[in-house]
Amino acid sequence: MIIDTNVQPHFRYNAEIRRYLPEAHKLRSIPDVEQQWYQAPGGDYRQDLYGEHYPGSDPETVGRHLFDDMGVTYAILNPLTRGNIADYLLNSRICAAVNDWLLDRWLEPDTADRFRGTIRVNPEDPKGAVAESERLAGHPKLVQVGVPMQSREPYGKPMFEPIWEAAAAHGLPVAVHINGGNGVDHPPTFAGHAHTYPGYAAFMPLNYFVHLAALIVEGVFGRHPGLKFVFADGGYDILTPLMWRLDTFWLSMRDQTPWVDRYPSEYLPGHVRFCSSVFDGPMEAEKTRRWMDFSDKAGLLMYGSSYPHWSTSPPEAIADGLDDAQRAKILWQNASELYGLKERV
């Protein structure tokens, strides 16, 4: 079994989202799908996807590429919204529209039962985010809550905790994915804006560690034992040195965080997962197996293709160099345990 935990379906055209908005918001100005600050030099999506349909917009085409060509058993759909918009109420309506569209166009028509979806919420509207989670948490094909990597504050801060509490209460992981470039966006690096796409692509995923460290240090994982976060954009290759550093600082300053009752790195197995990225890890496959042993990455990592992006990676590219146990964990076991997906007969 192969479970793809990182697929981004897209609207067929920019105005399609308006069909799912309330009347009061249908005429509002909404950013376009492709209004990104950083464009990949050869195009954002796989070259063979430019043609009859907008890349990633046709369920039949996506299913053929994932299930038939790449051998995927289940695909977790995590649609992008339209970035951080100054009008937080409009942003919440856009998230709800994306969720309704996902159900209407992708999940409900899926008679083969191979797609699963994400409840997109707006973290800058905690009350609205909780309400949206409550509205859809009971749907059997919606398996996680989705928020953008970009945020005004680290996700360990108290204003966000009601969102995480609601997700944990329903047994839903929280998926964090890059979702910017539209509306009011934040710098992709800790020190400001990158000049080029390579700078953006290399540094933007590292923002996950700010959220992860804050969730641990602020005691969020300690207060919510069932809460799990999925960081979907890679960057896990630098997880080990960053966690070593966090462990060291915590050990020498424990009096400031008495609610953190173990090494920060010890929170990882019970609370944190990553989606794979073709950019992460050693370039030589023969070194991959040993590298995976640091911080037990094989127990934290789940295969994600990043389809339909130009960096789409097939399962064999991620599994290259792994032993059988590591391969099974990454390609399906970790995701099966997290999302409750059983082997198909």
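On a predicted model such as this, the values are computed, not experimentally measured, just so you know. Hydrogens, waters and symmetry mates play no part in the numbers below; they use all other heavy atoms, side chains included.
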Residue list, side chain to side chain donor-acceptor pair (under 3.5 Å) with Ser265, at least two apart or on another chain: Asp247
Ion pair check, Asp87 and Arg28, cut-off under 4.0 Å: yes
Arg135/Asp100 ion pair, N-O < 4.0 Å: yes
Other ILVMFWY residues reachable from Met253 by side-chain steps of under 4.5 Å: Phe249
Under 4.5 Å side-chain linkage, directly or through intermediates, the cluster mates of Tyr13: none
Residues Leu102, Leu77; criterion side-chain contact (heavy atoms from CB on, under 4.5 Å); working and verdict: CA-CA 9 Å; Leu102 188 68; Leu77 305 176; 3.9 Å; yes
Partners meeting ring pair (Phe, Tyr, Trp, His ring centres under 6.0 Å) with Tyr263 (sequence neighbours left out): Trp250
Non-neighbouring partners of Tyr74 that pass ring pair (Phe, Tyr, Trp, His ring centres under 6.0 Å), sequence neighbours left out: none
Test log, rule ring pair (Phe, Tyr, Trp, His ring centres under 6.0 Å), inputs Phe274 and Phe231: CA-CA 5 Å; Phe274 292 87; Phe231 295 101; 5.7 Å; yes
Min side-chain heavy-atom separation His177-Asp233 under 4.5 Å: yes
Any Gln150 side-chain heavy atom under 4.5 Å of Ile178 side chain: yes
Please tell me whether [X] and [Y] have a donor and an acceptor in their side chains that are separated by less than 3.5 angstrom.
| X | Y | answer |
| --- | --- | --- |
| Tyr339 | Asn334 | no |
| Lys297 | Thr240 | yes |
| Asn99 | Glu132 | yes |
| His53 | Glu60 | no |
| Asn179 | Thr81 | yes |
| Asp4 | Tyr307 | no |

Mutual orientation of the aromatic rings belonging to Trp164 and Tyr155 [parallel < 30°, tilted 30-60°, perpendicular > 60°]: perpendicular
Aromatic centroids of Tyr45 and His10 separated by under 6.0 Å: yes
Test of ring centre spacing under 6.0 Å for Tyr236 and Tyr208: no
Give the table of side-chain donor-acceptor pairs shorter than 3.5 Å for residues 219-226, with sequence neighbours excluded, one pair per line with atom names and distance.
unit_1 : atom_1 : unit_2 : atom_2 : d
Arg223 : NE     : Glu161 : OE2    : 2.8
Arg223 : NH1    : Glu218 : O      : 3.1
Arg223 : NH2    : Glu161 : OE1    : 3.0
Arg223 : NH2    : Glu218 : O      : 3.1
His224 : NE2    : Glu161 : OE2    : 2.8

Determine the minimum heavy-atom distance between [X] and [Y], stating which atoms define it.
| X | Y | value |
| --- | --- | --- |
| Ser57 | Phe11 | CB-O, 3.7 Å |
| Glu153 | Met159 | CG-CE, 4.1 Å |
| Met149 | Pro205 | CE-O, 3.8 Å |
| Ser313 | Tyr303 | O-OH, 2.7 Å |

From CA spacing to verdict: salt bridge (Lys or Arg N to Asp or Glu O under 4.0 Å), Asp58, Arg12: CA-CA 7 Å; Asp58 178 58; Arg12 289 171 289 183; over 6 Å; no
